[in-house]
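Just below is one structure, and these are the notes that go with it.
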Number of protein chains: 2
Amino acid sequence: MFEFFYKHLQPIAALTNEEKIILESAFIIRQVPKKVKLLQEGKTARELYFIVKGLIRLFYTKEGEEITGYIFKEGLFASSYESFLRQTPGIQTLETLEECDLLTISYSRLQQLYEEIPKMHIIARKVAEQRFISAQIMLSSFILDSPEERYKKFEQEQGDLLLRVPHHIIASFLGITPVSLSRIRKRLKK
Amino acid sequence: MFEFFYKHLQPIAALTNEEKIILESAFIIRQVPKKVKLLQEGKTARELYFIVKGLIRLFYTKEGEEITGYIFKEGLFASSYESFLRQTPGIQTLETLEECDLLTISYSRLQQLYEEIPKMHIIARKVAEQRFISAQIMLSSFILDSPEERYKKFEQEQGDLLLRVPHHIIASFLGITPVSLSRIRKRLKK
DNA sequence: CAAAAATATTTACAATTGTTAATAATAAGG
DNA sequence: CCTTATTATTAACAATTGTAAATATTTTTG
């Protein structure tokens with residue numbers, strides 16, 4: 001369980017054995033079934049999740065519709081960052097798309113960790129930085145690309161998700177309707 | 001010049017007089033005319049700019065077209081964050097839209113500042129956090145809203161820019177063509 | 001102030017997307 | 001294994017957007 005965690009932290013910051021022991025006491029292993037809401041819109045995110053196995057999606061609710069904002073996969077820290085970082089209620093919901101193996105940590109325990117393991121600051125900053133850059137790339141794709149181009153890029157970079165995630169969820173992630181996604185796929189097949 | 005700077009840092013972190021003196025020696029005051037490129041696509045961003053007066057736009061180049069990704073105004077730190085944070089070449093260009101009064105700092109001088117003023121870490125983190133949240137809000141607007149709704153929100157939140165910035169620049173910022181923006185404005189007038 | 005450049009709007013048409021509803025295909029649950 | 005629920009595709013039509021080109025309008029600059 002933790003080996004996978006360390007493998008992903010390795011390139012960011014090397015960890016000593018002492019630090020690993022602290023981490024293993026701080027993060028709680030949790031198995032979560034499919035379709036479980038980890039965070040409800042309107043609530044404050046109290047936890048951060050490192051995904052060892054499974055998928056979590058973040059979505060907004062608009063006029064009764066669920067509109068996907070992000071799909072977290074293995075090796076990522078999933079959370080509603082706005083809500084978690086500011087400890088205020090947000091408009092995002094988190095839900096598992098598959099059965100998940102998670103490493104969970106609370107906001108308050110994370111603050112302790114910052115003091116116990118100073119290196120944690122670096123890790124947190126780099127993770128946030130990475131997340132920011134990822135948001136920036138997505139944003140630029142919305143500004144620069146047509147829905148069809150956006151789908152093509154998605155296919156190249158996250159094609160595996162096409163097999164794991166219902167297409168109507170991917171459609172809303174790309175900012176289009178399922179109908180339009182289906183048409184784009186048909187168009188590209190030829 | 002620096003009063004405006006301090007006024008904006010105040011809510012983030014209070015500064016002592018000693019710290020202010022260091023800041024005043026670290027940041028270089030610079031007047032830049034309109035239409036000056038502060039960063040070229042393909043180059044690495046070596047500087048960060050705090051805007052005291054004026055506007056700077058960030059844009060991408062696609063098939064000869066300049067497509068606006070962000071418009072920085074007074075009180076913001078302008079930069080290509082990806083390129084600046086990672087010190088690697090990026091695809092973003094920065095250009096002044098008006099004559100600007102800037103407080104400029106280099107990447108290396110900023111690293112020194114982190115050591116001279118530990119509080120600087122907090123400021124940097126909060127600024128980055130703010131920028132991330134802003135990107136997240138923009139991103140969600142692309143996923144959730146139609147171009148028309150996006151324009152309405154822009155009008156409410158950044159309406160002042162409609163008078164300061166050419167509309168074709170705002171159009172590309174909203175992910176639409178100038179023609180479409182003109183039609184939306186016409187539609188909403190009634 | 002006049003000519004040139006930049007910006008904004010309009011028109012006409014094609015392409016794409018949204019919407020709604022029906023149908024087909026697939027997956028899940030008792 | 002069959003029924004039900006979920007997901008995916010298709011069709012038909014309306015609305016919106018993109019594209020290209022012409023025309024206004026405004027701003028810049030010599």
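Residue numbers start from 1 in every chain, and the chains themselves are labelled A, B, ... in the order their sequence lines are given, proteins ahead of strands.
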Could you check how far NE2 of A:H167 sits from C1' of D:dT7, rounded to whole Å? 9 Å
Would you sort out whether A:Q136 and B:Y81 count as a side-chain contact (heavy atoms from CB on, under 4.5 Å), showing the intermediate values? CA-CA 9 Å; A:Q136 196 66 38; B:Y81 285 77; over 6 Å; no
Is B:K35 touching bases, backbone alone, or none of the nucleic acid, heavy atoms closer than 4.0 Å? nothing
Pairwise distance OG(B:S83) to CD1(B:I91) - rounded to 0.5 angstrom: 10.5 Å
To the nearest Å, give me how far apart CG (A:L188) and P (D:dT9) are. 12 Å
Check this for me, if you would: do B:E116 and B:R109 make a salt bridge, where the nitrogen-to-carboxylate-oxygen distance has to be below 4.0 angstrom? yes
Determine: side-chain N/O of B:S180 to OP1/OP2 of D:dG18, distance under 4.0 Å, yes or no. yes
A:K20 to A:Y6, cation-pi by 6.0 Å centre distance and 45° axis angle: yes
Passes side-chain hydrogen bond (donor to acceptor under 3.5 Å, both in side chains), A:S141 versus A:R150? Steps please. CA-CA 7 Å; A:S141 179; A:R150 215 147 56 239; 4.8 Å; no
Measure the distance from CD1 on B:I169 to C1' on D:dT27 and round it to the nearest whole Å. 14 Å
If each of B:R183 and B:K34 is mapped to the nucleotide of DNA chain D with the nearest heavy atom, which maps nearer the 5' terminus, i.e. the 5' end? B:R183
Indicate, with a heavy-atom threshold strictly under 4.0 Å, whether A:I176 touches base, sugar-phosphate, or nothing. sugar-phosphate
Would you check if the side chain of A:E157 reaches a backbone N or O of A:F154 as a donor-acceptor pair within less than 3.5 Å? no
Positional range of nucleotides in DNA chain C within the contact set of chain A, heavy-atom, under 4.0 Å: C:dT17 to C:dA28
Parallel, tilted or perpendicular: ring planes of A:F84 versus A:Y107, cut at 30 and 60 degrees: perpendicular
Residue B:I184, side-chain heavy atoms: nucleotide from D:dT10, D:dA8, D:dT17 that is nearest: D:dT17
Between P on D:dT26 and CG on B:L163, what's the gap in Å once rounded to a whole number? 14 Å
Looking at A:R185, does any N or O in its side chain come under 4.0 Å of the phosphate oxygens OP1/OP2 on D:dT10? no
d(CG, B:L174; P, D:dT17) in whole Å: 11 Å
Sorted by number, residues from residues 142-162 of chain B placing a heavy atom under 4.0 Å from DNA chain C are none
Cationic tip of A:R131 within the cone over A:Y70's six-membered ring, i.e. under 6.0 Å and within 45° of the normal? yes
Rounded to the nearest 0.5 Å, what separation is found between the CG atom of B:L113 and the CZ atom of B:F27? 6.5 Å
